[in-house]
Structure formats: C-alpha cells, structure tokens
Amino acid sequence: MERRGAPVQAFVRFSDSKIRLRSQVYEPDYIIVQDSSLIKDVDVFAGLTEGSVAIINTEKGADAFDVPAGVRVITLDATRIALEVLGLPITNTSLMGAFAAATGEIQFPALAEALGERFTGALAEKNIEAARRAFAAVGGET
Amino acid sequence: MMEIMEGSHAVAEAVKRCRPEVVSAYPITPQTHIVERLAEFVADGEMESDYLTVDSEFSALSACVGASAAGSRVYSSTSSQGLILMAEVCFNASGMRLPIVMSIANRALGAPLSIWNDQQDSIALRDSGWFQLYAEDVQELVDYHFLSFRVAEDHNILLPAFVCFDGFILSHTYEPVDIPDQEEVDAYLPPFNPYQKLDATDPISMGMYATPDYYMEFRYELDRAMERASRAIKDAGQAFGEQFGRSYGSLVEEYRMDDADTALVALGSICGTVKDAVDEMRDAGRKVGLLKLRSFRPFPKEEVAKALDGVSQVAVLEKNISPGSAMKGAVGLEVKDALWKTGIDVYSYVIGLGGRDVRKKDIAAVVDLAERGRGDMFYGLREELI
Amino acid sequence: MALNVGCAARPGRARDNKTGSWRVFRPVLDAEKCKKCGLCLLICPEGCISEDDEYPRVDYEYCKGCGLCAEECPAEAIEMEQEEK
C-alpha cells in the first residue's frame with residue numbers, strides 16, 4: 001500500500017500461541033533498518049533494551065551507531081549484496097538472511113524454503129543466494 | 001488447511017469458495033488486495049465469475065444490484081470514501097431485498113484525507129438496511145463471508161451484508177488462517193436460489209414506486225427482516241460451528257466477564273488488544289472483562305443486556321464519532337439503550353480514529369476513567385494541538 | 001405478507017391507473033388541417049395517441065391533457081378545449 005520510496009514502518013510478532021495484540025511494537029526484541037539514512041530523521045532505536053539486536057543495512061561499522069546500552073548492533077552492506085546478486089537494490093531477502101544469522105530465530109533451510117515458495121525459477125535461486133551471502137556475512141554457518 | 005496469509009488474500013480465497021457469479025468493484029486507493037486477487041482468479045480460470053470493471057464505486061454497486069436482481073450471487077468490496085459514494089445504492093439494494101455481500105475494509109473518512117483505520121465508514125451506513133458483522137481476526141473474517149451469504153440469501157431474511165474488518169490492521173496483516181476446502185463450503189453454502197429475479201420471459205420490476213399509503217409498510221418489513229436476522233445469524237453461526245468447529249452461535253462474545261465490575265465493549269480487531277489488556281488487569285486483581293459485539297446491525301440488545309447484567313460500569317470503545325451526539329459514539333447509545341433503567345453507567349470513548357494506535361495501556365486508562373465516572377469523550381487527544 | 005418483497009411488481013400495472021381523470025383540457029383534432037405526419041404520436045408522453053384509424057386518435061382514458069401534441073403540431077390541427085366537469 002505504501003508509495004515506493006516513502007519511509008515506512010512494519011511490525012512482526014511471532015509466537016507459538018495465538019497473537020491477539022494489534023498495536024504497533026514499541027519495545028522490539030529486534031529491529032531491521034533497511035535504509036540507514038533514516039536514522040538521522042527517525043529515532044529508530046527507541047524502545048530497544050538490553051539484549052535487543054539492531055540489524056542495520058550500512059557500509060559503516062557497528063561502532064558508528066549510538067544505541068542504548070546492552071543493544072547488539074549487526075551491520076552489513078545488504079545493498080551491495082543485493083546489487084551483486086539480484087542486480088537491484090532490493091534488500092529484503094538479504095536482510096532476512098542477516099536476521100536469521102544474527103538472532104537464530106529462523107534456521108537457514110527454513111528461510112530458503114520460504115523464499116523458494118515466494119519466488120520461482122532463477123529469481124528464487126538468486127534471492128536464496130542473496131540471503132545466503134548475508135547470512136554468511138553476519139557469521140551464520142549454513 | 002492452516003496457512004499464513006495476508007487478510008485480503010484470505011478474503012479472496014473465501015469469496016472464491018462462495019462461488020459468486022458476478023463480482024464488481026472499483027479499486028479505491030488504497031484498495032485492499034481482495035478484488036485484485038479475485039480478478040486474477042477469474043483471469044486464470046480458477047473462478048467462474050463475471051468480473052465487471054466499472055468507473056466508480058457507485059457504478060460498482062449499481063452493477064451488483066442489477067446482477068443480483070437478475071438472480072446471481074454477487075460480491076463486492078470497498079472502503080472509506082468508496083462506501084460513502086455507494087451510499088445511495090446501498091439503500092436501494094436493501095430496499096429491493098437483494099442479498100449482496102460486500103467486504104468493508106474499515107477506514108477513516110475525509111476531510112482531512114486519511115487512508116488509515118477506523119470504523120466511521122460502515123457505522124455511517126448504520127441505517128442503510130445492510131446487516132453488519134465485525135471481525136476480530138482474519139479467521140473470523142474468512143468465516144463471516146460463508147455465514148453472511150447463507151444468512152443474506154435466506155428467503156426469510158433477504159438482506160445485503162457488510163463483512164467489516166479493520167483496514168490495514170486485518171487487511172494487510174499476515175496471520176495463520178484456516179481456509180476451508182471447496183467441498184466443505186459447498187456443503188455449508190448451497191447454490192444461490194433467488195427468491196425472485198428479473199426474467200425477460202416472466203417480467204417483473206423491483207423497487208417500484210410506493211405512495212404514502214404504502215412506503216411505511218415497506219420500511220417496516222425491512223426492519224422486521226433485520227430483527228429476524230438476529231436469529232438467522234445465530235443459527236447459521238451454530239451450524240458453522242457444528243461443521244467447522246468454530247462456532248458463532250451468539251452475536252456477542254464474552255471474555256472474562258464472570259464477576260466483572262467494569263466491562264469494555266468493542267467491535268473488530270481492537271478486541272484482541274483488549275483481551276490482552278484484560279488479562280493484565282485481571283493479573284493485577286482488577287475485575288475487568290470484555291464484551292465483543294460481532295454484529296452492530298442487527299444490534300444484539302438482549303445479549304448485551306444479559307452479558308452486562310451485574311457490572312457497575314461499561315466503557316464502550318468507539319472507532320467512530322457522531323459529532324454533536326451527547327455520547328460522541330454511535331455504539332455507546334445502543335449499549336446504553338440495552339441497559340436502560342438498570343442503573344449501570346455506560347460511557348463512550350472515541351479512540352483510534354484515523355489510524356491512531358491503541359495500546360494495552362490505553363485500554364487500562366479507559367477503565368480508570370470509567371471507574372472514576374468520566375466518559376463520553378475523546379480518548380488520547382494530543383493536548384498540545386488543541 | 002401483503003406487500004411484494006422488495007416492492008416488486010408485475011408489468012402492466014400502469015394500465016390500471018386511468019390518468020385521463022387528471023385532464024382539465026382535452027386535445028381535439030381538426031381533421032381538415034391534419035397532415036397525418038404522426039409527430040403527435042411520437043411526442044405524447046403517455047403514449048396514448050394511436051393511428052389505428054386514418055387519423056391520429058387520442059385515448060381519453062389515459063390522456064392527461066398536457067397539451068404537448070397541440071403545442072408541437074406543425075399544422076396547428078390540435079386545439080386544447082376545456083373539459084366540462
């Protein structure tokens with residue numbers, strides 16, 4: 001529904017039991033920043049607490065970001081991975097690979113399977129490869 | 001089969017299984033993905049429907065009226081300004097007793113322009129003669145489509161239906177949902193058997209001219225059909241439960257209402273947040289419960305009175321505003337009427353308009369206000385702006 | 001119920017409504033002036049002028065006396081005369 005290019009926020013909750021809460025997420029366990037240029041305009045780190053993980057798409061290192069105490073910062077150049085693998089600066093699947101590696105919430109084979117369902121043919125292969133490159137860049141072992 | 005699916009896509013899957021013969025809609029910006037997906041189904045030959053493209057919402061519902069009068073099962077979907085542009089046709093559809101089912105992704109009305117959620121659109125058409133169900137989650141949303149066609153087409157009812165669901169909050173959220181198989185839906189929802197239809201070999205006209213000698217009686221019959229719809233919705237909900245294991249045998253759902261001193265009353269997806277808030281308040285020793293309304297038209301007056309018997313105060317959460325009404329919200333008036341002369345205090349709280357987020361702490365704050373006797377007000381205004 | 005559902009009706013009900021009783025002025029044809037052009041048949045909003053005979057014939061059971069035929073007749077062959085009531 002959003003205009004392409006406009007800043008947007010999206011939220012995910014996952015649980016083994018039924019999720020009833022419909023409000024936005026104010027104290028995230030994890031955040032993914034798809035465009036680090038937003039950081040100067042929006043307090044993207046608000047609500048993060050000790051043990052939270054921030055995954056940031058940037059060329060910079062983790063120490064370039066001023067986050068609340070105890071927050072782990074993972075940085076990767078997902079745009080470069082996306083450009084190299086997909087030929088387009090669409091970072092969603094790369095960042096999902098990074099998320100899987102950084103948090104351990106998703107196993108890589110499950111991610112690859114989901115991408116295989118979402119995309120078909122060569123596009124599926126490329127997106128799985130982008131996810132794999134990002135997964136490895138963040139230290140995950142497939 | 002249980003799948004994780006976007007709310008709009010789940011509706012499209014449900015509608016496909018209802019086998020509508022005609023679909024007509026006009027894609028308001030932002031449309032949900034419902035009719036977009038239905039158009040794909042038709043184009044791919046997965047659905048045997050005529051998909052009519054038109055020039056406006058007014059035309060879309062007009063096409064639906066014609067198709068329904070000609071004896072087809074008919075479906076449409078819209079939101080916000082789109083529904084309001086349909087308003088005139090809505091009254092004609094119910095007056096002609098055409099059982100059209102339309103999904104309403106509830107969104108705010110302009111001006112000012114807003115694309116975000118509240119329930120002003122369908123509440124504004126309260127008196128249009130369509131029965132209105134409100135879904136808490138995507139599963140209810142899917143199930144209400146089967147139920148609505150069954151009730152709408154009942155020859156004892158013959159009313160059109162809104163299946164209302166909160167825009168974005170349900171329409172664009174992915175969550176687990178069970179989409180019944182076609183055979184199961186066919187067993188629950190028989191083919192459309194029109195009460196009467198336009199037929200060139202046996203002509204009739206519908207919605208004819210009624211002079212002052214007749215008009216009131218037609219409106220009386222419409223109101224009586226709406227009264228009968230209460231029973232029909234419950235029966236269809238009960239039958240649904242027997243077949244699918246998810247029962248909607250009441251127009252209300254009580255959540256932790258046993259011994260509750262303060263009751264919250266709400267419609268739609270906010271009920272999920274309220275349930276979590278109620279759990280937290282119960283854990284803190286507060287006697288709070290939720291009464292969820294599945295139906296706003298017909299209004300389940302008896303169920304509301306029964307469920308709220310014994311509470312001290314009632315806080316009605318309103319995603320609508322009726323400017324100039326003493327209570328502010330349209331739902332509170334009905335609840336207050338249901339509790340007339342009981343001595344129970346009923347307060348309305350206008351909340352979450354135009355997409356403003358509603359959190360558990362907001363629900364707790366509303367309970368505090370009700371227990372202090374303050375209500376019939378906007379909740380959560382930004383004082384610095386006014 | 002006594003009313004038809006959805007205010008539906010069979011065709012032909014307008015025949016029961018004898019609108020001729022509304023008339024104050026009645027159209028009267030002067031056969032000598034009439035050129036039999038048929039314009040009055042097309043113009044009549046009630047559709048109650050026919051040419052079953054040689055000349056246009058008005059069905060006074062339904063003619064409301066609106067006067068359009070007289071107004072439009074190119075030969076000025078139709079006069080509107082007050083009804084005696």
Side-chain angles (χ1 to χ4, degrees), chain B residues 64-71 74 89-100 128-130 152-160 193-229, chain C residues 1-29 38-53 56-73 78 80-85:
Chain B
C64 290
V65 162
S68 182
V74 177
V89 194
C90 284
F91 281 75
N92 275 306
S94 62
M96 286 191 250
R97 310 293 296 277
L98 299 173
I100 300 163
S128 65
W130 293 51
E153 294 171 1
D154 181 337
H155 287 190
N156 201 33
I157 306 299
L158 296 174
L159 291 174
N193 172 28
Y195 176 83
Q196 58 192 358
K197 63 178 180 181
L198 299 180
D199 178 350
T201 64
D202 184 18
I204 57 167
S205 298
M206 293 186 191
M208 295 297 288
Y209 178 60
T211 62
D213 288 340
Y214 293 96
Y215 183 85
M216 274 185 75
E217 285 70 20
F218 281 105
R219 304 315 282 179
Y220 171 76
E221 293 294 354
L222 182 62
D223 178 57
R224 286 221 315 172
M226 193 63 87
E227 284 183 12
R228 292 193 296 271
Chain C
M1 73 183 83
L3 303 174
N4 289 335
V5 169
C7 198
R10 300 242 149 237
R13 293 284 302 279
R15 279 197 203 99
D16 300 341
N17 193 7
K18 302 279 172 61
T19 47
S21 65
W22 304 6
R23 198 170 55 244
V24 178
F25 290 90
R26 65 159 49 204
V28 177
L29 184 81
L39 187 63
C40 53
L41 274 70
L42 300 174
I43 280 285
C44 177
E46 202 62 27
C48 67
I49 305 179
S50 61
E51 48 180 1
D52 295 347
D53 312 326
R57 186 175 59 84
V58 178
D59 185 341
Y60 292 109
E61 276 203 306
Y62 297 101
C63 170
K64 295 169 178 170
C66 71
L68 271 176
C69 53
E71 183 70 25
E72 296 297 330
C73 176
I78 302 172
M80 298 302 289
E81 296 179 3
Q82 187 157 6
E83 289 280 352
E84 288 177 21
K85 287 199 177 177

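Basis for what follows: all heavy atoms, side chains included, without hydrogens, waters or symmetry-related copies. To find a chain, count down the sequence lines: A is the first, B the second, and so on, and within it residues start at 1.
Taking a 6.0 Å sphere around OH of Y214(B), one finds it holds 12 or fewer heavy atoms contributed by other residues, nucleotides or ligands. Open room surrounds OH on Y195(B); 12 or fewer heavy atoms of other groups in view lie less than 6.0 Å from it. Summarising the local packing, CD of E71(C) is surrounded by 12 or fewer heavy atoms from other residues, nucleotides or ligands at distances under 6.0 Å.
The CD atom of E221(B) sits 11.0 Å away from atom CG of N4(C), with the distance rounded to the nearest 0.5 Å. Atom CG in L3(C) sits 4.5 Å away from atom CZ in F218(B) (nearest 0.5 Å). We find the SG-OH distance between C7(C) and Y209(B) to be 11.0 Å, quoted to the nearest 0.5 Å.
The minimum heavy-atom distance between I204(B) and A8(C), with the atom names listed, is CD1-CB, 4.3 Å. Between P11(C) and P203(B), the closest heavy-atom pair is CD-O, 2.8 Å. Between A9(C) and M208(B) the shortest heavy-atom distance is CB-CG, 3.8 Å.
Only the side chain of Q196(B) comes within less than 4.5 Å of a heavy atom of chain C; its backbone N, CA, C and O stay farther away.
Here the side chains of M206(B) and V5(C) are not in contact, with every heavy-atom distance at 4.5 Å or above.
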